[in-house]
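Let me begin by presenting the structure, written as structure tokens, before commenting on it.
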Amino acid sequence: MSRPLHLALVALLALAPALASVPARADSDGERARHALERGEIRPLDAVLAAARAAVPGDVVALDLKRDDGRWLYKLRILGSDGRRRDVKIDASSLKLLDVDDDD
């Protein structure tokens with residue numbers, strides 16, 4: 001796991017007790033993602049990260065889950081060892097690589 005992603009996860013875990021006391025909204029991004037995972041509409045994050053890194057090696061520096069035209073898509077930004085940033089789009093159900101764009 002990349003250091004920035006590891007630090008972000010550590011920070012999120014540190015906030016977990018405080019977030020537990022905040023009422024969850026059914027329409028929040030986290031709730032929507034959790035429900036989609038429970039229904040089998042999307043794959044777990046570790047599988048997504050593995051698929052993205054297999055296609056475009058580097059560190060994942062941003063991740064977004066979107067609903068687009070009736071399907072779930074993961075959009076990731078990956079920083080390669082060459083310093084280039086690439087935007088990667090992956091189907092959240094099949095993990096099929098849909099698009100890779102160099103971030104100019």
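Computed from a predicted structure; not experimentally measured. Keep in mind that the numbers below use all heavy atoms, side chains included, and drop hydrogens, waters and symmetry copies.
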Quiz item: Under the 3.5 angstrom rule, does the side chain of Asp59 hit a backbone N or O of Val61 as a donor-acceptor pair?
Solution: no
Quiz item: How long is the span from the CG atom in Asp102 to the CZ atom in Arg85, to the nearest 0.5 Å?
Solution: 11.0 Å
Quiz prompt | Spacing of CG belonging to Leu63 relative to CG belonging to Leu76, to within rounding of 0.5 Å | solution = 4.5 Å
Quiz item: Taking only residues two or more places apart in sequence, or in another chain, which ones meet Asp64 in a salt bridge (Lys or Arg N to Asp or Glu O under 4.0 Å)?
Solution: Lys66
Quiz prompt | Residues which pass salt bridge (Lys or Arg N to Asp or Glu O under 4.0 Å) with Lys96, listed by chain and number, not counting sequence neighbours | solution = none
Side-chain polar contacts of residues 36-49 - donor-acceptor pairs under 3.5 angstrom, sequence neighbours left out - could you list them?
| unit_1 | atom_1 | unit_2 | atom_2 | d |
| --- | --- | --- | --- | --- |
| Glu38 | OE2 | Arg34 | NH1 | 2.6 |
| Arg39 | NE | Glu41 | OE2 | 2.9 |
| Arg39 | NH2 | Glu41 | OE1 | 3.3 |
| Glu41 | OE1 | Trp72 | NE1 | 3.0 |

Quiz item: Of all residues at least two apart in sequence or in a different chain, which pass the side-chain contact (heavy atoms from CB on, under 4.5 Å) check with Asp69?
Solution: none
Practice problem: Apply side-chain contact (heavy atoms from CB on, under 4.5 Å) to Leu73 and list each qualifying residue two or more places apart in sequence or on a separate chain. | Solution: Asp68, Arg71, Lys89, Leu98
Quiz item: With sequence neighbours excluded, what pairs up with Asp99 under the side-chain hydrogen bond (donor to acceptor under 3.5 Å, both in side chains) test?
Solution: none
Self-check item: Contacts of Ser93 that satisfy side-chain hydrogen bond (donor to acceptor under 3.5 Å, both in side chains) - sequence neighbours left out
Solution: none
Quiz item: Can you name the nearest heavy-atom pair linking Ile78 to Pro57, along with the distance?
Solution: CG2-O, 3.9 Å
Quiz item: So, for Ala55 and Leu97, which heavy atoms are closest and what is the spacing to 0.1 Å?
Solution: CB-CD2, 3.8 Å
Quiz prompt | Side chain proximity check, Arg86 to Asp101, heavy atoms < 4.5 angstrom | solution = no
